[in-house]
Amino acid sequence: MQFAGSHILSVNQFQRADIEAIFAAAARMEPYAHRRRITHVLDGAILGSMFFEPSTRTRVSFGCAFNLLGGQVSETTGFEHSAIAKGESLYDTARVMSGYSDIIAMRHPEEGSVAEFAAASRVPVLNGGDGANEHPSQALLDLYTIKSEMHGRGGSIDKLRIALIGDLRYGRTVHSLCRLLSLFDGLTVHLISPKELRMPEEIVETMCNSGHDVSETEELESHIAHVDIAYSTRIQEERFGSREEADLYRGRFRLNQNIYTKNCEPNTVIMHPLPRDSRAEARELDNDLNANPNLAIFRQTDNGLLVRMALFAMILDVVEQVDSEARDVGWYTGSRY
Ligand code: NCD
């Protein structure tokens with residue numbers, strides 16, 4: 001696809017070559033994300049960050065990614081602080097905000113809302129999550145993480161064995177990830193969820209049509225026994241009618257060190273888009289996994305910077321200028337990566 005000037009609304013926009021291009025650009029961002037070099041390539045550019053649903057890492061990492069390329073961030077968070085609370089339409093908000101920014105990252109609780117906003121925007125819009133629909137940048141960072149965690153198999157995603165666990169009905173990260181995985185060959189996919197929270201039929205069909213071996217189950221332990229990746233998710237409480245309804249499913253599929261040791265192969269990588277629900281009644285990924293070197297959740301969050309920097313640089317068409325606008329950092333940076 002042509003990245004310069006494009007919106008990123010759905011992973012359906014991508015072919016394999018596009019993903020390879022994003023990952024190549026993401027790898028080039030490492031010296032900047034890892035605080036060895038700084039670049040000013042987006043000096044003067046403004047990101048409009050508009051998050052109308054709770055968010056920590058997506059909102060902050062979009063912002064940091066833009067800052068790391070030398071740009072500035074202008075934030076709008078929550079309907080109550082925006083004119084949408086006064087009845088303003090997405091169309092009007094998009095016309096206004098796109099006059100104030102060079103690119104916009106947006107999260108909104110309704111499916112299709114970010115695409116509606118983008119249609120009226122005068123600048124590129126990145127979907128930071130629209131209801132239960134899609135979360136493209138998360139799926140890209142998840143796939144980037146999978147690829148780097150699979151270095152032992154040459155970084156190949158073809159023939160990957162993966163278990164997706166939890167709320168597969170409302171979890172937009174797994175929706176986008178499964179659509180991306182459909183571009184690869186010969187995967188074994190275990191979809192582990194309560195039957196009421198199964199992966200949408202259309203996505204299961206897309207994966208089956210790609211030739212993947214897909215099974216749907218309510219049983220955790222035998223289905224995480226032979227996988228490269230166990231990807232856990234949170235019950236998406238905010239999409240249920242009530243807290244009580246979400247409580248029916250919370251804590252149903254828990255992964256802890258004991259269950260991992262008993263059932264998983266020793267190299268199985270544990271992933272989660274975060275936030276994990278660490279309340280006693282949930283704990284889909286127990287804190288006792290924190291010492292497990294195969295817990296990749298904070299490598300995922302670190303990789304989020306690389307992938308979001310790559311998207312900004314590609315959409316604003318500065319990938320080739322990043323290094324020429326750069327210098328070494330002059331402050332103590334430690335060794336956090
Ligand atoms: C996810 C989301 O918002 O869809 N979080 C994230 O962006 N990393 C997953 C979740 O909230 O459970």
Side-chain angles (χ1 to χ4, degrees), residues 131-135 138-139 142 146 159-182 186-265 268-289 292 294-297:
N133 184 33
E134 280 243 24
H135 195 341
Q138 178 73 42
D142 286 341
I146 292 172
K159 301 211 170 68
L160 185 81
R161 303 165 303 160
I162 184 167
L164 300 163
I165 308 158
D167 184 351
L168 307 185
R169 176 175 180 187
Y170 296 119
R172 55 192 169 200
T173 75
V174 286
H175 297 167
S176 292
L177 181 59
C178 284
R179 291 185 175 121
L180 272 191
L181 290 175
S182 298
L187 273 66
T188 306
V189 184
H190 301 264
L191 301 174
I192 306 169
S193 72
K195 65 176 179 317
E196 298 83 358
L197 301 183
R198 289 222 293 251
M199 180 68 74
E201 197 55 42
E202 160 256 323
I203 299 176
V204 177
E205 262 171 37
T206 306
M207 286 197 289
C208 291
N209 293 341
S210 318
H212 298 341
D213 181 359
V214 183
S215 56
E216 295 188 84
T217 177
E218 290 193 85
E219 211 276 313
L220 177 74
E221 300 196 358
S222 63
H223 285 269
I224 54 171
H226 302 290
V227 293
D228 303 299
I229 307 282
Y231 185 112
S232 172
T233 63
R234 178 181 68 88
I235 298 298
Q236 305 285 291
E237 180 177 338
E238 60 277 35
R239 317 254 176 255
F240 288 80
S242 65
R243 196 193 149 105
E244 290 67 40
E245 200 190 336
D247 283 341
L248 296 173
Y249 308 106
R250 219 190 298 275
R252 189 88 156 256
F253 299 109
R254 293 166 188 258
L255 196 52
N256 59 28
Q257 188 55 47
N258 188 32
I259 295 172
Y260 179 90
T261 309
K262 269 221 280 274
N263 298 283
C264 294
E265 293 174 356
T268 297
V269 173
I270 307 160
M271 294 176 63
H272 191 300
L274 301 185
R276 54 177 157 170
D277 186 342
S278 293
R279 290 171 289 191
E281 63 274 25
R283 292 215 182 123
E284 63 266 5
L285 274 193
D286 201 285
N287 284 339
D288 72 358
L289 289 162
N292 185 325
N294 290 317
L295 184 74
I297 55 179

Next on the checklist: Less than 4.5 Å apart, side chain to side chain, heavy atoms only: is that true for Val269 and Asp228?
Outcome noted: no

Checklist entry - Which value, rounded to the nearest 0.5 Å, describes the distance between Leu274 atom CG and Gln138 atom CD? => result 8.0 Å

Next on the checklist: Restricting to side-chain contact (heavy atoms from CB on, under 4.5 Å), what partner residues turn up for Ser242, sequence neighbours left out?
Outcome noted: Glu244, Glu245

Checklist entry - In chain order, what residues pass the side-chain contact (heavy atoms from CB on, under 4.5 Å) check against Arg169, with sequence neighbours excluded? => result Asp167, Leu197

Item to check | Within residues 251-262 or reaching into it, pairs that qualify as salt bridge (charged side-chain N to carboxylate O under 4.0 Å, His left out) - sequence neighbours excluded | outcome: Glu218-Arg252

Checklist entry - Asn263: what forms a side-chain contact (heavy atoms from CB on, under 4.5 Å) with it, not counting sequence neighbours? => result Glu221, Ile224, Ile259

Checklist entry - Which ring-ring contact (aromatic ring centres under 6.0 Å, His included) pairs, counting each pair once, include a residue from residues 231-261, with sequence neighbours left out? => result Tyr170-Phe240, Phe240-Tyr249

Checklist outcome for this item: What one should report as the nearest heavy-atom pair of Gly166 and Pro194 is O-CD, 3.7 Å

Checklist entry - Can you check whether Ile165's main-chain N or O pairs, donor with acceptor, with Thr233's side chain at less than 3.5 Å? => result yes

Item to check | All side-chain hydrogen bond (donor to acceptor under 3.5 Å, both in side chains) counterparts of Thr188, not counting sequence neighbours | outcome: none

Item to check | Listed partners of Glu265 passing salt bridge (Lys or Arg N to Asp or Glu O under 4.0 Å), at least two apart | outcome: Arg161

Checklist entry - So, does Ser182 use its side chain to make a donor-acceptor pair with the main chain of Ser210 at under 3.5 Å? => result no

Checklist entry - What residues form a side-chain contact (heavy atoms from CB on, under 4.5 Å) with Arg179, not counting sequence neighbours? => result Val11, Asn12, Asn133, Glu134, His175, Glu202, Ile203

Next on the checklist: Do Ile270 and Leu255 make a side-chain contact, defined as non-hydrogen atoms from C-beta onward lying under 4.5 Å apart?
Outcome noted: yes

Checklist outcome for this item: The residue among Leu177, Ile192, Ile229 that forms side-chain contact (heavy atoms from CB on, under 4.5 Å) with Leu164 is Leu177

Checklist entry - Of the non-hydrogen atoms in Cys178 and Met199, which two are nearest, and what is the gap between them? => result SG-CE, 3.4 Å

Checklist entry - Between Val214 and Val204, which heavy-atom pair has the shortest distance, and what is it? => result CG1-CG1, 4.2 Å

Next on the checklist: I'd like to check the side-chain hydrogen bond (donor to acceptor under 3.5 Å, both in side chains) partners of Glu281; sequence neighbours left out, ordered by chain and number.
Outcome noted: Arg243

Next on the checklist: Check whether Asp277 reaches the backbone of Ala282 with its side chain - one donor and one acceptor, N or O, closer than 3.5 Å.
Outcome noted: no

Next on the checklist: Please report the interatomic distance CD1(Ile297) to CG(Leu295), rounded to the nearest 0.5 Å.
Outcome noted: 4.0 Å

Checklist entry - Just by distance, do the side chain of Ser193 and the backbone of Lys195 share a donor-acceptor pair under 3.5 Å? => result no

Item to check | Between OG on residue Ser278 and CG on residue Asn287, distance to nearest 0.5 Å | outcome: 5.0 Å

Checklist outcome for this item: Residue set satisfying side-chain hydrogen bond (donor to acceptor under 3.5 Å, both in side chains) with Asp247, at least two apart, ordered chain then number -> Arg250

Next on the checklist: The criterion is ring-ring contact (aromatic ring centres under 6.0 Å, His included); which residues satisfy it with His212, sequence neighbours excluded?
Outcome noted: none

Checklist entry - Which of these, Leu168, Leu191, Leu181, sits in a side-chain contact (heavy atoms from CB on, under 4.5 Å) with Val174? => result Leu168

Checklist entry - Of all residues at least two apart in sequence or in a different chain, which pass the side-chain hydrogen bond (donor to acceptor under 3.5 Å, both in side chains) check with Glu284? => result His272

Checklist entry - Checking Thr268 side chain against Cys264 main chain: does a donor-acceptor pair fall under 3.5 Å? => result no

Next on the checklist: Quick check for you: to the nearest 0.5 Å, what is the distance between His226 atom NE2 and His190 atom NE2?
Outcome noted: 8.5 Å

Item to check | Side-chain (Gln236) to main-chain (Arg234) donor-acceptor, under 3.5 angstrom | outcome: yes

Item to check | Among Thr261, Leu285, Asn292, Asp286, the one residue meeting side-chain contact (heavy atoms from CB on, under 4.5 Å) with Asn256 | outcome: Asp286

